[in-house]
Amino acid sequence: MTTASPRNAPRFSRILGTGSYLPANRVTNAALAERLARDGIETSHDWIVERTGIHARHFADPHVTSSDLALPASLAALEAAGVRPDEIDLIIVATSTPDMVFPSTACLLQQKLGIHGCAAFDVQAVCSGFVYALTVADSMIRTGAATKALVIGAEVFSRILDFKDRTTCVLFGDGAGAVVVGASDEPGILASELHADGRHVDILCTPGTVSGGEVLGHPLLKMDGQAVFKLAVGVLEKVARSVLDKAGRTDADIDWLIPHQANIRIMQGTAKKLRMSLDKLIATVDEHGNTSAASIPLAFDAAVRAGKIKRGDTVMLEGVGGGFTWGAVLLDY
Ligand code: UT7
């Protein structure tokens, strides 16, 4: 990676192409309820749909890692962008379920892409990870530190779910989404904003680690759903309005809203606060569940390929999750 003086740097970055990948194993609410019932844990399709909007999620096979899911998502994004892997000079993977403690999932993905030498690192901001990673890529492109970046959200959350805890294990799924971001004379990414509040580390966490060759702590996801819900509802409207202000736009300018896909009630509530018709809300939570850092790029790619999001449309991306972290990116696609 090299840096150029801001004077010589491109002024904007824009998304050149999108891609995504879901593991084949689609698990319906009914199938999950049946699995939990074998351990005496009661849940139902109706409860899950009513409280979250989720109908199904995808689970990766046991040997499949986040970088395995990131690879086909990246190749699809590169193809859509018309960019060769060897043109990429920055790889950022947002994940909370990395393949290993180290090296980074981004380095493992770089190896799988058959390219060498470019900067590659992971971003850990849980469900806000993609918005964080995209903001970092945008900043590096604007300063001339990179010209073509691959930004990915990839997760195998099924590995850290506690299938004895019905309040969390019905919510999450696995998958990957990717975008290629390139330097451009035209915007592009218009504005972004990132936040974190570490006072709330305990409400959504996987408080385990590896030490002395053993797993220490609790290596499965824990969440105080109602506390997360309340915080999420509060920050999502605020950060969206702040990013609109920075970009000199208003909520009427947003063509598509892609919030983190955790719960349809939070997503619809945010759209209403932004005075948006629900037709403009991109929702894939019904089929994907909550795929953490992968949820926004998965939804983005699905909407592009369905012909909803078109070139020139203004899109608001919003992440929120563990940390507590949140942020938003406003862009012209
Ligand atoms: O990805 C990061 C961002 N994450 C989020 O945004 C998640 C935010 N939180 C939520 O989406 C919601 O809080 C949940 C979907 C997690 C839970 O919905 P809720 O409406 O807050 O339900 P609750 O926790 O108040 O639980 C209501 C009832 C409880 O029973 P009682 O105490 O009323 O008898 C739970 O024990 O539902 C029960 N319950 C279930 N019942 C059937 C909890 N989980 C289940 C389940 N099946 N899977």
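Just so you know, these numbers come straight off a predicted model, no measurement behind them. Quick note: residue numbers are just sequence positions, from 1. Every number for a ligand or one of its atoms is a count from 1 in the order of the listing.
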Could you list each N/O atom of ligand 1 together with any protein N/O atom closer than 3.5 Å, one pair per line with the distance?
from	atom 1	to	atom 2	distance (Å)
ligand 1	1 (O)	H260	NE2	2.9
ligand 1	1 (O)	N290	ND2	2.6
ligand 1	9 (N)	G225	O	3.0
ligand 1	11 (O)	N263	ND2	2.6
ligand 1	13 (O)	G225	O	3.3
ligand 1	20 (O)	R51	NH1	2.9
ligand 1	20 (O)	R265	NH2	3.0
ligand 1	22 (O)	R51	NH1	3.3
ligand 1	25 (O)	Q226	NE2	2.4
ligand 1	36 (O)	R166	NH2	3.2
ligand 1	37 (O)	W47	NE1	3.1
ligand 1	41 (N)	W47	NE1	3.3
ligand 1	47 (N)	T43	OG1	2.6
ligand 1	48 (N)	T43	OG1	3.0
ligand 1	48 (N)	R166	O	2.9

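- Sorted by first and then second residue, the pairs that involve residues 305-333 and meet ring-ring contact (aromatic ring centres under 6.0 Å, His included), not counting sequence neighbours, are H195-W326, F300-Y333, F324-W326.
- Judged purely by distance below 3.5 Å, without hydrogens or angles, the side chains of D174 and S158 pair a donor atom with an acceptor atom.
- Counting heavy-atom neighbours within 6.0 Å of K246 NZ, excluding the residue itself, gives a total above 12.
- Judged by the 6.0 Å and 45° rule, R35 forms a cation-pi pair with F163.
- Donor-acceptor pairing under 3.5 Å is lacking for the side chains of S13 and R142.
- Between the side chains of D99 and S66, no donor-acceptor pair of N or O atoms lies under 3.5 Å.
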